[in-house]
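Notes to accompany the following structure.
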Amino acid sequence: MKMIVAIIRPERLQFVKDGLKDIGIYGMTITHVTGRGEQMGLVFTTRVGKFVVDEIEKVKIETVVEDDRVQTVIDTIRGKAQTGHPGDGKIFIMPVLESIRIRADETTG
Ligand SMILES: Nc1ncnc2c1ncn2[C@@H]1O[C@H](COP(=O)(O)OP(=O)(O)OP(=O)(O)O)[C@@H](O)[C@H]1O
Ligand SMILES: [Mg+2]
């Protein structure tokens with residue numbers, strides 16, 4: 001199993017969730033976060049000078065999936081979240097040792 005962590009634009013969240021539902025991915029954790037990437041935020045130039053916003057609002061999606069679903073999930077998130085402009089986000093993949101359902105005696109991994 002792998003945990004896929006995707007940081008995306010908030011306005012793309014519904015689109016990504018719908019895309020994941022279409023490929024049978026239902027379980028996920030969604031957190032509203034702030035962060036910065038390579039550009040270290042945004043610089044605004046006004047008449048009174050420049051100011052920097054170095055924490056931009058993003059949404060973090062965490063979903064744990066079987067290894068054979070990883071590429072499909074990445075492709076779906078990418079397809080639904082991409083605008084082609086800086087700030088589209090990042091996807092990270094991590095190994096997961098076990099997944100335990102609390103309701104029943106059920107362990108995967
Ligand atoms: N190296 C990183 N580690 C952890 N989180 C990151 C990293 N890079 C980006 N992020 C997260 O992803 C969000 C979006 O990053 P962003 O899309 O700007 O990445 P980027 O590498 O600058 O790519 P781009 O050039 O397309 O903007 C950030 O606000 C931050 O939350
Ligand atoms: Mg960036």
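Order of listing sets the numbers, starting from 1, for every ligand and every atom in it.
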Got the closest protein heavy atom to [atom], with its distance?
{"atom": "atom 3 (N) of ligand 1", "answer": "F92 CZ, 3.7 Å"}
{"atom": "atom 25 (O) of ligand 1", "answer": "Q39 NE2, 3.0 Å"}
{"atom": "atom 9 (C) of ligand 1", "answer": "K90 CG, 3.5 Å"}

Out of all atoms in ligand 1, which are within 4.0 Å of some heavy atom of G87? Include the element for each.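 Near G87, meaning under 4.0 Å from one of its heavy atoms, ligand 1 has 16 (P), 17 (O), 18 (O), 24 (P), 26 (O), 27 (O).
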Distance (rounded to the nearest 0.5 Å) between [X] [atom1] and [Y] [atom2]:
{"X": "I30", "Y": "L13", "atom1": "CD1", "atom2": "CG", "value": "5.0 Å"}
{"X": "Q71", "Y": "I4", "atom1": "CD", "atom2": "CD1", "value": "9.0 Å"}
{"X": "E66", "Y": "T72", "atom1": "CD", "atom2": "OG1", "value": "12.5 Å"}
{"X": "I7", "Y": "E62", "atom1": "CD1", "atom2": "CD", "value": "8.0 Å"}
{"X": "K60", "Y": "T34", "atom1": "NZ", "atom2": "OG1", "value": "11.0 Å"}
{"X": "R69", "Y": "L20", "atom1": "CZ", "atom2": "CG", "value": "9.5 Å"}

Quick one: does ligand 1 sit under 4.0 Å from the side chain of K58, the backbone, both or neither, non-hydrogen atoms only?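 Looking at K58 and ligand 1, just side chain atoms fall under 4.0 Å.
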Is the contact between D88 and ligand 1 made by the side chain, the backbone, both, or neither, using heavy atoms and a 4.0 Å cut-off?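 Under 4.0 Å from ligand 1, D88 contributes backbone atoms alone.
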Main-chain N/O of T83 paired to D88 side chain as donor or acceptor, under 3.5 Å: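 Pair found, side chain donor or acceptor close to backbone of T83.
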Is a side-chain N or O of T76 found less than 3.5 angstrom from the main chain of V16, in a donor-acceptor match?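 No: the side chain of T76 does not pair with the backbone of V16.
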[X], any N or O under 3.5 Å of ligand 1 N or O:
{"X": "I7", "result": "no"}
{"X": "G35", "result": "yes"}
{"X": "E38", "result": "yes"}
{"X": "R36", "result": "yes"}

Quick test of your reading of the structure: of A81, G89, P86, whose heavy atom lies closest to atom 17 (O) of ligand 1?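 Comparing heavy atoms across A81, G89, P86, the nearest one to atom 17 (O) of ligand 1 lies in G89.
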Is the shortest distance from atom 23 (O) of ligand 1 to a protein heavy atom below 4.0 Å?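 Within 4.0 Å of atom 23 (O) of ligand 1, no protein heavy atoms are found.
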